[in-house]
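Computed from heavy atoms alone, side chains included, the values below leave out hydrogens, waters and symmetry copies.
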Amino acid sequence: MLPLYTAIAPFNDVSHPGDFSWKGYLNWSKLHHLRELITLDRTLCPSRVQPDYENAEDWNNIHTHGQDITGLYTSPDYVLRKMETLLPFHFIRAVIEPDEDCVAVSIPDYDFIGYDLIDKSFAISALSNCGGFNESFLPADLNVYGLISDYTRAYAIKQRLRENNPEEYHADTLAIAIWRHKTIGPKQATAATQV
């Protein structure tokens, strides 16, 4: 399993009190049980990494999947060097289409937080940014971060999404395992999630 990295903006009641509010998102999504949304969806949790697509050296760290730029990078050091400064973030480790249950994969300094189902252009999460696919999964299937905790269930939902919505682009997804770093990232990124 190839480890990839990124830094994403937090999405919680502290980070989004205004126009596109946390409360508004919870009402729209019907995911009222979320503590915080952590997703690779580029519109909900935008990347904090600023690669230079004109620089050949940057392309040594930019991960592509076929023709698509994933928003993931091969080096954690590169991510930290290319980040926007002074903004809250989550430092993420990810694996695209893992072939084993990642709950059992212990990564020093990271907590496994679940599986996202991202469309094949690596832009939109079918779990948290499509208004729901009730024939394929329900809000209760997602954990407090808007992800699926169970490996087998993630792949079952992925299959049901495609079968039940064959014409819907965002229902044709890739499963991505997500770990969040325990210490890298400003405290304000997780202040709202402390229990």
Side-chain angles (χ1 to χ4, degrees), residues 1-12 25-26 28-47 63-66 68-74 90-182 190 193:
M1 296 193 302
L2 177 66
L4 300 167
Y5 302 88
T6 192
I8 59 171
F11 189 14
N12 55 46
Y25 172 76
L26 294 180
W28 171 79
S29 67
K30 299 183 180 34
L31 299 174
H32 298 285
H33 67 289
L34 296 189
R35 205 183 313 157
E36 175 174 20
L37 182 64
I38 298 178
T39 177
L40 295 180
D41 184 295
R42 295 180 191 182
T43 59
L44 296 172
C45 293
S47 177
H63 182 73
T64 58
H65 189 81
D68 294 305
I69 296 173
T70 63
L72 300 168
Y73 306 91
T74 57
H90 292 299
F91 192 65
I92 300 295
R93 181 187 191 273
V95 171
I96 301 169
E97 291 290 306
D99 56 7
E100 64 180 293
D101 186 351
C102 294
V103 171
V105 178
S106 178
I107 309 294
D109 300 321
Y110 288 87
D111 289 321
F112 177 72
I113 57 171
Y115 302 92
D116 208 346
L117 298 179
I118 299 288
D119 68 22
K120 292 192 174 177
S121 64
F122 291 86
I124 302 294
S125 171
L127 300 178
S128 57
N129 199 9
C130 290
F133 289 101
N134 290 341
E135 75 290 341
S136 301
F137 70 93
L138 297 173
D141 290 315
L142 307 185
N143 66 23
V144 297
Y145 301 113
L147 303 171
I148 303 165
S149 295
D150 182 78
Y151 177 80
T152 303
R153 189 151 188 77
Y155 277 93
I157 290 172
K158 175 186 167 180
Q159 182 176 342
R160 282 199 305 267
L161 278 168
R162 193 70 187 129
E163 289 170 356
N164 294 332
N165 306 278
E167 303 300 317
E168 173 59 47
Y169 177 78
H170 299 304
D172 187 9
T173 63
L174 295 162
I176 303 181
I178 298 176
W179 291 260
R180 178 175 55 177
H181 200 280
K182 294 176 183 179
T190 57
T193 66

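Checked by atom type, the side-chain pair Tyr25/Asn129 shows no donor-acceptor distance below 3.5 Å. Using a 3.5 Å distance cut-off with no hydrogens or angles, the side chains of Glu97 and His65 do not pair a donor with an acceptor.
Using a 4.0 Å cut-off between charged nitrogen and carboxylate oxygen, Asp68 and Lys120 do not count as a salt-bridge pair. Using a cut-off of 4.0 Å between Lys/Arg side-chain N and Asp/Glu carboxylate O, Asp172 and Arg162 are scored as salt-bridged.
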message = What verdict does the side-chain hydrogen bond (donor to acceptor under 3.5 Å, both in side chains) test give for Tyr145 and Asp116, after you've listed the backbone C-alpha separation in whole Å, the side-chain angles of each residue and the deciding distance to 0.1 Å?
response = CA-CA 10 Å; Tyr145 301 113; Asp116 208 346; over 6 Å; no
task = Could you check Phe133 against Glu168 for side-chain contact (heavy atoms from CB on, under 4.5 Å), going step by step and ending with a plain yes or no?
result = CA-CA 11 Å; Phe133 289 101; Glu168 173 59 47; 3.9 Å; yes
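The backbone N or O of Asn143 lies less than 3.5 Å from no partner atom in the side chain of Ser149, so there is not a single donor-acceptor pair. With hydrogens and angles disregarded, no donor-acceptor distance shorter than 3.5 Å links the side chain of Asn12 to the backbone of Glu36. A donor-acceptor pair under 3.5 Å is formed between the side chain of Tyr151 and the backbone N or O of Pro98.
With rounding to the nearest 0.5 angstrom, the CG atom of Asp141 is 4.5 Å from the CD1 atom of Ile157.
Atom CD of Gln159 has 12 or fewer heavy atoms from other residues, nucleotides or ligands within 6.0 Å.
Between Tyr110 and His181, the gap from one ring centroid to the other is short of 6.0 Å.
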